[in-house]
Protein chains: 2
Amino acid sequence: MNQPLILIIEDEESLRRFLIPTLSGQQYQVLSAATAAEGLAMARTHNPDLVLLDLGLPDRDGMSVLKDLRAWSRKPVVILSARNQERDKVAALDQGADDYLAKPFGAAELLARIRVALRHTLSADVADPVICSGGLRIDLERREISQGGRPVKLTALEYRLLEALVRRQGKVATHSQLLSEVWGPGGEGNTHYLRIYMAMLRKKLEVDPTRPRHFITEPNVGYRLNLDASSD
Amino acid sequence: MNQPLILIIEDEESLRRFLIPTLSGQQYQVLSAATAAEGLAMARTHNPDLVLLDLGLPDRDGMSVLKDLRAWSRKPVVILSARNQERDKVAALDQGADDYLAKPFGAAELLARIRVALRHTLSADVADPVICSGGLRIDLERREISQGGRPVKLTALEYRLLEALVRRQGKVATHSQLLSEVWGPGGEGNTHYLRIYMAMLRKKLEVDPTRPRHFITEPNVGYRLNLDASSD
DNA sequence: CTCCATACTTCCGGCATCCGGAACATCCGG
DNA sequence: CCGGATGTTCCGGATGCCGGAAGTATGGAG
(Lines give C-alpha, C1' and ligand atoms only; values in the text may rest on other atoms or scores of the structure.)
Protein backbone atom coordinates (compact mmCIF):
# COMPACT_ATOMS: atom_id res chain seq x y z
CA MET A 1 0.00 0.00 0.00
CA ASN A 2 2.48 2.56 -1.14
CA GLN A 3 0.06 4.99 -2.67
CA PRO A 4 -3.21 4.26 -0.92
CA LEU A 5 -6.24 4.31 -3.17
CA ILE A 6 -9.14 6.36 -1.86
CA LEU A 7 -12.64 6.15 -3.26
CA ILE A 8 -14.90 9.19 -2.87
CA ILE A 9 -18.64 8.61 -3.08
CA GLU A 10 -20.12 12.09 -3.05
CA ASP A 11 -22.81 13.73 -5.12
CA GLU A 12 -22.05 17.42 -4.55
CA GLU A 13 -19.75 18.39 -7.33
CA SER A 14 -18.33 21.36 -5.46
CA LEU A 15 -17.14 19.11 -2.66
CA ARG A 16 -15.68 16.61 -5.10
CA ARG A 17 -13.82 19.42 -6.81
CA PHE A 18 -12.36 20.30 -3.44
CA LEU A 19 -11.58 16.77 -2.25
CA ILE A 20 -9.91 15.35 -5.31
CA PRO A 21 -6.99 17.80 -5.56
CA THR A 22 -6.63 17.88 -1.78
CA LEU A 23 -6.16 14.13 -1.64
CA SER A 24 -4.14 13.85 -4.82
CA GLY A 25 -1.70 16.36 -3.44
CA GLN A 26 -0.98 13.99 -0.53
CA GLN A 27 0.39 10.99 -2.44
CA TYR A 28 -3.05 9.38 -2.51
CA GLN A 29 -4.59 7.90 -5.60
CA VAL A 30 -8.17 9.05 -5.94
CA LEU A 31 -11.29 7.61 -7.48
CA SER A 32 -14.63 9.34 -7.35
CA ALA A 33 -18.24 8.45 -7.88
CA ALA A 34 -21.32 10.64 -7.80
CA THR A 35 -23.93 8.01 -7.01
CA ALA A 36 -24.29 5.06 -4.71
CA ALA A 37 -24.62 2.58 -7.53
CA GLU A 38 -21.54 3.87 -9.29
CA GLY A 39 -19.61 3.98 -6.01
CA LEU A 40 -20.40 0.41 -5.07
CA ALA A 41 -19.42 -0.79 -8.53
CA MET A 42 -16.11 1.04 -8.31
CA ALA A 43 -15.46 -0.33 -4.85
CA ARG A 44 -15.91 -3.84 -6.14
CA THR A 45 -13.72 -3.43 -9.18
CA HIS A 46 -10.90 -1.38 -7.67
CA ASN A 47 -10.97 -2.52 -4.04
CA PRO A 48 -9.80 0.83 -2.61
CA ASP A 49 -7.87 1.11 0.64
CA LEU A 50 -10.34 3.60 2.08
CA VAL A 51 -13.78 4.93 1.22
CA LEU A 52 -15.08 8.44 1.83
CA LEU A 53 -18.83 8.08 1.86
CA ASP A 54 -21.42 10.83 1.82
CA LEU A 55 -24.59 9.76 3.56
CA GLY A 56 -26.79 12.13 1.58
CA LEU A 57 -26.69 10.46 -1.81
CA PRO A 58 -29.50 10.99 -4.30
CA ASP A 59 -30.15 7.45 -5.45
CA ARG A 60 -29.87 5.39 -2.29
CA ASP A 61 -29.75 5.70 1.45
CA GLY A 62 -26.16 6.05 2.61
CA MET A 63 -26.62 3.58 5.42
CA SER A 64 -27.61 0.85 3.04
CA VAL A 65 -24.52 1.59 0.96
CA LEU A 66 -22.42 1.17 4.06
CA LYS A 67 -24.12 -2.08 4.93
CA ASP A 68 -23.58 -3.30 1.38
CA LEU A 69 -19.89 -2.48 1.55
CA ARG A 70 -19.46 -4.12 4.92
CA ALA A 71 -20.99 -7.30 3.60
CA TRP A 72 -17.80 -8.08 1.75
CA SER A 73 -15.10 -5.63 2.79
CA ARG A 74 -13.52 -4.48 6.00
CA LYS A 75 -11.67 -1.59 4.44
CA PRO A 76 -12.01 1.63 6.45
CA VAL A 77 -14.98 3.87 5.68
CA VAL A 78 -15.08 7.51 6.71
CA ILE A 79 -18.53 9.08 6.64
CA LEU A 80 -19.05 12.63 5.43
CA SER A 81 -22.47 13.99 6.22
CA ALA A 82 -24.43 17.18 6.52
CA ARG A 83 -26.49 15.56 9.23
CA ASN A 84 -25.02 16.29 12.60
CA GLN A 85 -27.56 14.38 14.67
CA GLU A 86 -26.10 12.08 17.29
CA ARG A 87 -28.55 9.41 16.18
CA ASP A 88 -27.09 9.34 12.69
CA LYS A 89 -23.52 9.21 13.93
CA VAL A 90 -24.20 6.31 16.27
CA ALA A 91 -26.07 4.39 13.59
CA ALA A 92 -23.28 4.79 11.05
CA LEU A 93 -20.48 3.97 13.48
CA ASP A 94 -22.29 0.88 14.72
CA GLN A 95 -22.94 -0.18 11.16
CA GLY A 96 -19.21 -0.45 10.67
CA ALA A 97 -18.05 3.03 9.74
CA ASP A 98 -14.67 3.98 11.14
CA ASP A 99 -15.20 7.70 11.51
CA TYR A 100 -17.89 10.32 11.01
CA LEU A 101 -17.19 13.89 9.94
CA ALA A 102 -19.98 16.45 9.98
CA LYS A 103 -19.95 19.06 7.26
CA PRO A 104 -18.49 21.53 7.13
CA PHE A 105 -15.07 20.15 8.03
CA GLY A 106 -11.53 21.36 7.55
CA ALA A 107 -9.16 19.79 5.08
CA ALA A 108 -6.49 19.27 7.71
CA GLU A 109 -8.83 17.38 10.01
CA LEU A 110 -10.09 15.20 7.19
CA LEU A 111 -6.54 14.33 6.19
CA ALA A 112 -5.62 13.56 9.78
CA ARG A 113 -8.60 11.26 10.22
CA ILE A 114 -7.79 9.53 6.96
CA ARG A 115 -4.28 8.93 8.22
CA VAL A 116 -5.70 7.43 11.42
CA ALA A 117 -8.00 5.11 9.49
CA LEU A 118 -5.21 3.96 7.18
CA ARG A 119 -2.87 3.49 10.12
CA HIS A 120 -5.22 0.89 11.53
CA THR A 121 -5.06 -1.33 8.49
CA LEU A 122 -1.34 -0.93 7.89
CA SER A 123 -0.11 -3.64 10.18
CA ALA A 124 -2.70 -6.29 9.57
CA ASP A 125 -3.50 -7.03 5.97
CA VAL A 126 -5.59 -10.13 6.41
CA ALA A 127 -6.15 -10.40 2.70
CA ASP A 128 -5.01 -14.00 2.38
CA PRO A 129 -7.29 -16.37 4.19
CA VAL A 130 -5.22 -19.40 3.20
CA ILE A 131 -2.31 -20.20 5.42
CA CYS A 132 0.43 -22.62 4.56
CA SER A 133 3.32 -23.57 6.75
CA GLY A 134 5.33 -26.74 6.88
CA GLY A 135 2.80 -29.20 5.48
CA LEU A 136 -0.02 -27.45 7.28
CA ARG A 137 -2.68 -25.81 5.15
CA ILE A 138 -5.56 -23.81 6.55
CA ASP A 139 -8.27 -22.41 4.30
CA LEU A 140 -10.70 -20.47 6.43
CA GLU A 141 -12.92 -19.54 3.50
CA ARG A 142 -13.59 -23.12 2.47
CA ARG A 143 -13.23 -24.53 5.98
CA GLU A 144 -10.70 -26.98 4.63
CA ILE A 145 -7.74 -28.03 6.67
CA SER A 146 -5.05 -30.41 5.54
CA GLN A 147 -1.78 -31.76 6.88
CA GLY A 148 0.83 -33.11 4.50
CA GLY A 149 -1.73 -33.36 1.69
CA ARG A 150 -4.18 -35.41 3.72
CA PRO A 151 -7.42 -33.54 4.43
CA VAL A 152 -8.24 -33.37 8.12
CA LYS A 153 -11.69 -33.39 9.66
CA LEU A 154 -12.17 -31.10 12.61
CA THR A 155 -15.07 -30.97 15.03
CA ALA A 156 -16.96 -27.74 15.57
CA LEU A 157 -15.07 -26.78 18.71
CA GLU A 158 -11.71 -27.73 17.30
CA TYR A 159 -12.39 -25.55 14.30
CA ARG A 160 -13.52 -22.58 16.37
CA LEU A 161 -10.39 -22.88 18.45
CA LEU A 162 -8.17 -23.07 15.38
CA GLU A 163 -9.93 -20.08 13.89
CA ALA A 164 -9.37 -18.02 17.01
CA LEU A 165 -5.68 -18.88 16.87
CA VAL A 166 -5.37 -18.10 13.17
CA ARG A 167 -7.00 -14.72 13.56
CA ARG A 168 -4.24 -13.78 15.99
CA GLN A 169 -1.68 -14.33 13.20
CA GLY A 170 1.03 -15.74 15.40
CA LYS A 171 0.44 -13.54 18.39
CA VAL A 172 -0.39 -15.03 21.75
CA ALA A 173 -4.00 -15.73 22.54
CA THR A 174 -4.80 -15.56 26.23
CA HIS A 175 -6.56 -18.41 27.99
CA SER A 176 -9.52 -16.19 28.72
CA GLN A 177 -9.60 -14.81 25.18
CA LEU A 178 -9.74 -18.28 23.69
CA LEU A 179 -12.22 -19.56 26.23
CA SER A 180 -14.63 -16.68 25.77
CA GLU A 181 -14.35 -16.83 21.98
CA VAL A 182 -14.81 -20.56 21.67
CA TRP A 183 -17.01 -21.45 24.61
CA GLY A 184 -18.80 -18.12 24.88
CA PRO A 185 -18.60 -15.58 27.64
CA GLY A 186 -18.71 -17.37 30.94
CA GLY A 187 -16.43 -20.12 29.80
CA GLU A 188 -13.42 -18.49 31.43
CA GLY A 189 -11.96 -20.49 34.24
CA ASN A 190 -12.18 -23.88 32.54
CA THR A 191 -8.64 -23.93 31.29
CA HIS A 192 -8.89 -27.74 31.16
CA TYR A 193 -11.02 -27.52 28.03
CA LEU A 194 -8.26 -25.61 26.30
CA ARG A 195 -5.69 -28.23 27.18
CA ILE A 196 -7.92 -30.99 25.86
CA TYR A 197 -8.71 -29.36 22.55
CA MET A 198 -5.20 -28.09 22.01
CA ALA A 199 -4.13 -31.69 22.40
CA MET A 200 -6.68 -32.65 19.75
CA LEU A 201 -5.43 -30.01 17.32
CA ARG A 202 -1.88 -31.14 17.88
CA LYS A 203 -2.74 -34.78 17.37
CA LYS A 204 -4.47 -33.97 14.09
CA LEU A 205 -2.25 -31.23 12.72
CA GLU A 206 1.25 -31.68 14.08
CA VAL A 207 3.76 -34.01 12.51
CA ASP A 208 5.02 -34.95 15.95
CA PRO A 209 2.34 -34.11 18.52
CA THR A 210 4.80 -34.56 21.36
CA ARG A 211 7.02 -31.79 20.01
CA PRO A 212 4.67 -29.17 18.60
CA ARG A 213 6.02 -26.80 16.01
CA HIS A 214 2.89 -24.80 15.27
CA PHE A 215 0.74 -24.95 18.37
CA ILE A 216 3.00 -23.38 20.93
CA THR A 217 2.05 -23.04 24.56
CA GLU A 218 3.02 -19.85 26.31
CA PRO A 219 3.23 -20.85 29.96
CA ASN A 220 0.96 -18.96 32.31
CA VAL A 221 -0.49 -16.94 29.44
CA GLY A 222 -2.06 -18.88 26.63
CA TYR A 223 -1.29 -20.38 23.26
CA ARG A 224 0.15 -19.18 19.98
CA LEU A 225 0.01 -20.43 16.41
CA ASN A 226 3.51 -20.38 15.00
CA LEU A 227 3.53 -19.87 11.23
CA ASP A 228 7.26 -20.00 10.51
CA ALA A 229 7.94 -23.65 10.06
CA SER A 230 11.57 -22.69 9.60
CA SER A 231 12.15 -22.06 13.30
CA ASP A 232 13.31 -25.30 14.84
CA MET B 1 -11.26 -8.98 26.46
CA ASN B 2 -14.62 -9.84 27.85
CA GLN B 3 -15.09 -6.80 30.01
CA PRO B 4 -12.86 -4.17 28.46
CA LEU B 5 -11.04 -2.00 30.97
CA ILE B 6 -11.29 1.72 30.28
CA LEU B 7 -9.08 4.30 31.94
CA ILE B 8 -10.41 7.84 32.25
CA ILE B 9 -7.85 10.62 32.69
CA GLU B 10 -9.94 13.71 33.37
CA ASP B 11 -9.62 16.48 35.93
CA GLU B 12 -13.16 17.88 35.92
CA GLU B 13 -14.98 16.00 38.61
CA SER B 14 -18.38 16.71 37.14
CA LEU B 15 -17.42 14.99 33.91
CA ARG B 16 -15.91 12.05 35.77
CA ARG B 17 -19.12 11.69 37.72
CA PHE B 18 -20.94 11.48 34.44
CA LEU B 19 -18.54 9.20 32.60
CA ILE B 20 -18.00 6.55 35.24
CA PRO B 21 -21.60 5.38 35.65
CA THR B 22 -22.22 5.74 31.92
CA LEU B 23 -19.37 3.39 31.11
CA SER B 24 -19.95 1.04 34.02
CA GLY B 25 -23.50 0.56 32.86
CA GLN B 26 -22.20 -0.79 29.55
CA GLN B 27 -20.30 -3.83 30.82
CA TYR B 28 -17.06 -1.86 30.90
CA GLN B 29 -14.69 -1.88 33.81
CA VAL B 30 -13.66 1.66 34.66
CA LEU B 31 -10.61 3.25 36.23
CA SER B 32 -10.24 6.98 36.68
CA ALA B 33 -7.48 9.42 37.39
CA ALA B 34 -7.61 13.18 37.91
CA THR B 35 -4.06 14.09 36.94
CA ALA B 36 -1.63 13.18 34.20
CA ALA B 37 0.86 11.66 36.61
CA GLU B 38 -1.76 9.50 38.27
CA GLY B 39 -3.20 8.50 34.92
CA LEU B 40 0.12 7.41 33.49
CA ALA B 41 0.90 5.41 36.60
CA MET B 42 -2.46 3.65 36.37
CA ALA B 43 -1.96 2.95 32.68
CA ARG B 44 1.39 1.38 33.44
CA THR B 45 0.12 -0.82 36.23
CA HIS B 46 -3.29 -1.83 34.84
CA ASN B 47 -2.67 -1.77 31.08
CA PRO B 48 -6.23 -0.78 30.14
CA ASP B 49 -7.86 -1.72 26.85
CA LEU B 50 -8.72 1.89 26.05
CA VAL B 51 -7.87 5.32 27.44
CA LEU B 52 -10.12 8.37 27.53
CA LEU B 53 -7.76 11.32 27.78
CA ASP B 54 -8.61 14.91 28.52
CA LEU B 55 -6.12 17.27 26.91
CA GLY B 56 -6.66 20.02 29.46
CA LEU B 57 -5.04 18.49 32.49
CA PRO B 58 -3.69 20.69 35.25
CA ASP B 59 -0.30 19.15 35.87
CA ARG B 60 0.97 18.31 32.40
CA ASP B 61 0.30 18.95 28.75
CA GLY B 62 -2.07 16.35 27.39
CA MET B 63 -0.02 15.87 24.25
CA SER B 64 3.02 14.84 26.23
CA VAL B 65 0.88 12.32 28.10
CA LEU B 66 -0.21 10.87 24.78
CA LYS B 67 3.36 10.69 23.55
CA ASP B 68 4.42 8.95 26.75
CA LEU B 69 1.67 6.35 26.39
CA ARG B 70 2.43 5.73 22.74
CA ALA B 71 6.04 4.96 23.53
CA TRP B 72 5.05 1.56 24.89
CA SER B 73 1.44 0.90 23.99
CA ARG B 74 -0.82 1.08 20.97
CA LYS B 75 -3.97 0.65 22.94
CA PRO B 76 -6.66 2.97 21.57
CA VAL B 77 -6.76 6.49 22.99
CA VAL B 78 -9.83 8.68 22.59
CA ILE B 79 -9.21 12.37 23.23
CA LEU B 80 -11.76 14.49 25.06
CA SER B 81 -11.07 18.17 24.81
CA ALA B 82 -12.65 21.55 25.24
CA ARG B 83 -10.42 22.87 22.50
CA ASN B 84 -12.13 22.57 19.17
CA GLN B 85 -9.36 24.03 17.03
CA GLU B 86 -8.50 22.02 13.97
CA ARG B 87 -4.84 22.45 14.81
CA ASP B 88 -5.26 20.62 18.12
CA LYS B 89 -7.22 17.80 16.54
CA VAL B 90 -4.64 17.21 13.82
CA ALA B 91 -1.79 17.28 16.30
CA ALA B 92 -3.44 14.76 18.61
CA LEU B 93 -4.52 12.41 15.83
CA ASP B 94 -1.06 12.46 14.25
CA GLN B 95 0.50 11.84 17.63
CA GLY B 96 -1.31 8.52 17.72
CA ALA B 97 -4.74 9.25 19.13
CA ASP B 98 -7.52 7.19 17.61
CA ASP B 99 -10.34 9.68 17.92
CA TYR B 100 -10.99 13.22 19.07
CA LEU B 101 -14.24 14.34 20.65
CA ALA B 102 -14.81 18.02 21.31
CA LYS B 103 -16.74 18.94 24.43
CA PRO B 104 -19.60 19.00 24.86
CA PHE B 105 -20.40 15.58 23.41
CA GLY B 106 -23.31 13.22 23.77
CA ALA B 107 -23.08 9.99 25.72
CA ALA B 108 -24.37 7.93 22.79
CA GLU B 109 -21.72 9.25 20.43
CA LEU B 110 -18.96 8.68 22.94
CA LEU B 111 -20.09 5.11 23.47
CA ALA B 112 -20.31 4.51 19.73
CA ARG B 113 -16.80 5.86 19.17
CA ILE B 114 -15.50 3.71 22.02
CA ARG B 115 -17.06 0.68 20.35
CA VAL B 116 -15.32 1.60 17.09
CA ALA B 117 -11.96 1.95 18.80
CA LEU B 118 -12.31 -1.37 20.61
CA ARG B 119 -13.48 -3.04 17.41
CA HIS B 120 -10.20 -2.08 15.77
CA THR B 121 -8.08 -3.87 18.32
CA LEU B 122 -10.18 -7.00 17.88
CA SER B 123 -10.23 -7.42 14.12
CA ALA B 124 -7.59 -5.33 12.39
CA ASP B 125 -4.99 -5.94 14.99
CA VAL B 126 -2.84 -2.97 15.87
CA ALA B 127 0.61 -3.96 16.91
CA ASP B 128 2.24 -2.63 20.01
CA PRO B 129 5.47 -0.85 19.28
CA VAL B 130 8.52 -3.02 19.04
CA ILE B 131 11.37 -1.69 21.06
CA CYS B 132 14.81 -2.08 19.58
CA SER B 133 18.06 -0.96 21.07
CA GLY B 134 21.53 -2.30 20.51
CA GLY B 135 20.71 -5.87 19.54
CA LEU B 136 17.88 -5.99 22.03
CA ARG B 137 14.39 -6.46 20.62
CA ILE B 138 11.27 -6.40 22.73
CA ASP B 139 7.90 -7.18 21.18
CA LEU B 140 5.38 -6.88 23.97
CA GLU B 141 2.43 -7.95 21.86
CA ARG B 142 3.91 -11.21 20.66
CA ARG B 143 5.75 -11.75 23.90
CA GLU B 144 8.86 -12.30 21.85
CA ILE B 145 12.17 -11.06 23.10
CA SER B 146 15.40 -11.47 21.22
CA GLN B 147 19.01 -10.50 21.71
CA GLY B 148 21.25 -10.19 18.69
CA GLY B 149 18.79 -12.12 16.55
CA ARG B 150 18.57 -15.09 18.89
CA PRO B 151 15.12 -15.48 20.43
CA VAL B 152 15.19 -15.55 24.21
CA LYS B 153 12.85 -17.50 26.43
CA LEU B 154 11.70 -15.70 29.54
CA THR B 155 9.83 -17.13 32.49
CA ALA B 156 6.61 -15.55 33.71
CA LEU B 157 8.24 -13.47 36.43
CA GLU B 158 11.12 -12.39 34.24
CA TYR B 159 8.66 -11.21 31.65
CA ARG B 160 6.50 -9.33 34.13
CA LEU B 161 9.58 -7.58 35.47
CA LEU B 162 10.74 -6.65 31.99
CA GLU B 163 7.28 -5.39 31.13
CA ALA B 164 7.18 -3.19 34.21
CA LEU B 165 10.53 -1.70 33.21
CA VAL B 166 9.51 -1.17 29.59
CA ARG B 167 6.38 0.65 30.60
CA ARG B 168 8.54 3.10 32.54
CA GLN B 169 10.23 3.89 29.24
CA GLY B 170 13.68 4.73 30.53
CA LYS B 171 12.54 6.33 33.74
CA VAL B 172 13.49 4.86 37.08
CA ALA B 173 11.24 2.27 38.66
CA THR B 174 11.59 2.17 42.42
CA HIS B 175 12.12 -1.06 44.30
CA SER B 176 8.67 -0.97 45.87
CA GLN B 177 6.98 -0.15 42.57
CA LEU B 178 8.56 -3.10 40.82
CA LEU B 179 7.98 -5.43 43.74
CA SER B 180 4.32 -4.58 44.07
CA GLU B 181 3.75 -4.79 40.32
CA VAL B 182 5.52 -8.06 39.75
CA TRP B 183 5.03 -9.88 43.04
CA GLY B 184 1.72 -8.28 43.94
CA PRO B 185 0.98 -5.87 46.75
CA GLY B 186 2.65 -7.20 49.84
CA GLY B 187 5.78 -8.18 48.01
CA GLU B 188 7.50 -4.97 49.03
CA GLY B 189 10.49 -5.55 51.21
CA ASN B 190 11.89 -8.52 49.34
CA THR B 191 14.45 -6.54 47.41
CA HIS B 192 16.34 -9.80 47.31
CA TYR B 193 14.02 -11.20 44.61
CA LEU B 194 14.59 -8.11 42.53
CA ARG B 195 18.33 -8.65 42.57
CA ILE B 196 17.88 -12.27 41.55
CA TYR B 197 15.58 -11.60 38.65
CA MET B 198 17.42 -8.53 37.46
CA ALA B 199 20.45 -10.79 37.30
CA MET B 200 18.45 -13.21 35.16
CA LEU B 201 17.34 -10.48 32.78
CA ARG B 202 20.89 -9.21 32.45
CA LYS B 203 22.25 -12.70 31.87
CA LYS B 204 19.72 -13.34 29.13
CA LEU B 205 19.51 -9.92 27.52
CA GLU B 206 22.81 -8.10 28.01
CA VAL B 207 25.76 -8.63 25.72
CA ASP B 208 28.09 -8.36 28.69
CA PRO B 209 26.12 -9.05 31.88
CA THR B 210 28.93 -7.72 34.05
CA ARG B 211 28.69 -4.30 32.43
CA PRO B 212 24.99 -3.71 31.83
CA ARG B 213 24.06 -1.23 29.17
CA HIS B 214 20.29 -1.53 29.32
CA PHE B 215 19.41 -2.67 32.80
CA ILE B 216 20.82 0.12 34.89
CA THR B 217 20.69 0.12 38.65
CA GLU B 218 19.94 3.40 40.39
CA PRO B 219 21.54 3.00 43.82
CA ASN B 220 19.18 3.28 46.77
CA VAL B 221 16.24 3.89 44.44
CA GLY B 222 15.54 1.15 41.95
CA TYR B 223 16.25 0.19 38.36
CA ARG B 224 15.93 1.75 34.95
CA LEU B 225 15.74 0.37 31.43
CA ASN B 226 18.08 2.32 29.20
CA LEU B 227 16.95 2.32 25.60
CA ASP B 228 19.69 4.43 23.99
CA ALA B 229 22.35 1.89 23.30
CA SER B 230 24.40 4.77 21.93
CA SER B 231 25.60 5.73 25.38
CA ASP B 232 28.83 3.87 25.90
C1' DC C 1 -32.84 -49.11 20.33
C1' DT C 2 -27.92 -49.21 19.39
C1' DC C 3 -23.77 -47.20 17.85
C1' DC C 4 -20.71 -43.53 17.59
C1' DA C 5 -18.76 -39.03 17.56
C1' DT C 6 -18.61 -35.18 20.20
C1' DA C 7 -18.47 -32.70 24.40
C1' DC C 8 -17.60 -32.43 29.30
C1' DT C 9 -15.38 -34.00 33.62
C1' DT C 10 -12.03 -36.02 36.64
C1' DC C 11 -7.62 -37.74 38.08
C1' DC C 12 -2.72 -38.13 38.16
C1' DG C 13 2.34 -37.69 37.05
C1' DG C 14 6.14 -34.78 35.21
C1' DC C 15 8.43 -30.80 35.06
C1' DA C 16 9.64 -26.03 34.95
C1' DT C 17 9.27 -22.35 37.80
C1' DC C 18 9.43 -20.08 42.05
C1' DC C 19 10.59 -19.55 46.98
C1' DG C 20 13.68 -18.99 50.74
C1' DG C 21 17.98 -19.36 52.64
C1' DA C 22 22.85 -19.15 52.48
C1' DA C 23 27.36 -17.96 51.11
C1' DC C 24 30.59 -15.04 48.83
C1' DA C 25 32.33 -11.33 45.64
C1' DT C 26 32.10 -6.57 44.37
C1' DC C 27 31.56 -1.67 44.49
C1' DC C 28 31.43 2.77 46.81
C1' DG C 29 31.35 6.40 50.35
C1' DG C 30 32.78 7.75 54.87
C1' DC D 1 39.86 0.29 56.54
C1' DC D 2 34.92 -0.46 57.50
C1' DG D 3 29.99 -0.90 56.48
C1' DG D 4 26.25 -0.91 53.54
C1' DA D 5 24.20 -1.86 49.38
C1' DT D 6 24.43 -4.62 45.47
C1' DG D 7 25.61 -8.67 42.22
C1' DT D 8 26.11 -13.67 41.56
C1' DT D 9 25.77 -18.46 42.43
C1' DC D 10 24.42 -22.50 44.80
C1' DC D 11 20.75 -25.73 46.79
C1' DG D 12 16.38 -28.11 48.67
C1' DG D 13 11.65 -27.95 48.80
C1' DA D 14 6.99 -26.37 47.43
C1' DT D 15 3.97 -25.01 44.13
C1' DG D 16 1.42 -24.74 40.06
C1' DC D 17 0.89 -25.52 35.23
C1' DC D 18 0.66 -28.62 31.55
C1' DG D 19 -0.29 -32.75 29.13
C1' DG D 20 -2.04 -37.53 28.96
C1' DA D 21 -5.34 -41.04 30.12
C1' DA D 22 -9.00 -42.33 31.57
C1' DG D 23 -14.45 -42.20 32.33
C1' DT D 24 -19.15 -40.00 31.88
C1' DA D 25 -23.07 -37.54 29.39
C1' DT D 26 -25.41 -36.02 25.35
C1' DG D 27 -27.37 -36.19 20.93
C1' DG D 28 -27.80 -37.57 16.18
C1' DA D 29 -27.72 -41.32 12.49
C1' DG D 30 -28.90 -45.62 11.15
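Sequence lines set the chain letters: A, B, ... in the order given, protein chains first and strands last, and positions in each chain run from 1. Values in this document were obtained by computation on a predicted structure and should not be read as measured data.
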Atom-to-atom span, CG of A:L154 to P of C:dA5 - whole angstrom
15 Å
What's the CZ-P distance between B:R211 and C:dC27, to the nearest Å?
12 Å
Considering non-hydrogen atoms only, spot the tightest contact between A:R119 and B:L93 and give its length.
NH1-O, 3.1 Å
Tell me, which pairs form a ring-ring contact (aromatic ring centres under 6.0 Å, His included) where one or both residues lie in residues 146-178 of chain B, sequence neighbours left out?
B:H175-B:Y223
In whole Å, what is the span from the CZ atom of B:R160 to the P atom of C:dT17?
15 Å
Atom-pair distance (CD on A:E158; C1' on C:dA7), nearest Å
10 Å
Quickly work out the B:Y159 OH to C:dT17 C1' distance and round it to whole Å.
18 Å
B:I216 has an atom CD1; how far is it from atom C1' of D:dG7, in whole Å?
14 Å
Interatomic distance where NZ belongs to A:K204 and P belongs to C:dA5 [whole Å]:
11 Å
Please identify each residue that fulfils salt bridge (Lys or Arg N to Asp or Glu O under 4.0 Å) with A:D98, with sequence neighbours left out.
A:R70
Contacts of A:D208 meeting side chain to side chain contact (heavy atoms under 4.5 Å, CB included) (sequence neighbours excluded), chain-then-number -> A:T210, A:R211
Just by distance, do the side chain of A:D99 and the backbone of A:V78 share a donor-acceptor pair under 3.5 Å?
no
Given atom CE of A:M200 and atom P of C:dA7, what is their separation to the nearest angstrom?
9 Å
In residues 143-153 of chain B, what donor-acceptor pairs under 3.5 Å come from side-chain atoms, sequence neighbours left out?
from, atom 1, to, atom 2, distance (Å)
B:Q147, NE2, B:L205, O, 2.5

Return no unless some side-chain N or O of A:W183 is found under 4.0 Å from OP1 or OP2 of C:dA7.
no
Of the candidate nucleotides C:dC18, C:dC19, C:dC8, which contains the atom at the shortest distance from the side chain of A:L157?
C:dC8
Can I get a per-line list of side-chain donor-acceptor pairs under 3.5 Å for residues 28-41 of chain B, giving both atom names and the distance, sequence neighbours left out?
from, atom 1, to, atom 2, distance (Å)
B:Q29, NE2, B:Q3, O, 3.1
B:T35, OG1, B:E38, N, 3.1
B:E38, OE1, B:A34, N, 3.4

Could you run down nucleotides 8-25 of chain D 5' to 3' and tag each one B, S or - for protein heavy-atom contact under 4.0 Å?
SB-------SBBSB----
What is the pairing partner of C:dG30, taking Watson-Crick or G-U wobble pairs with both distances under 3.5 Å in any strand?
D:dC1
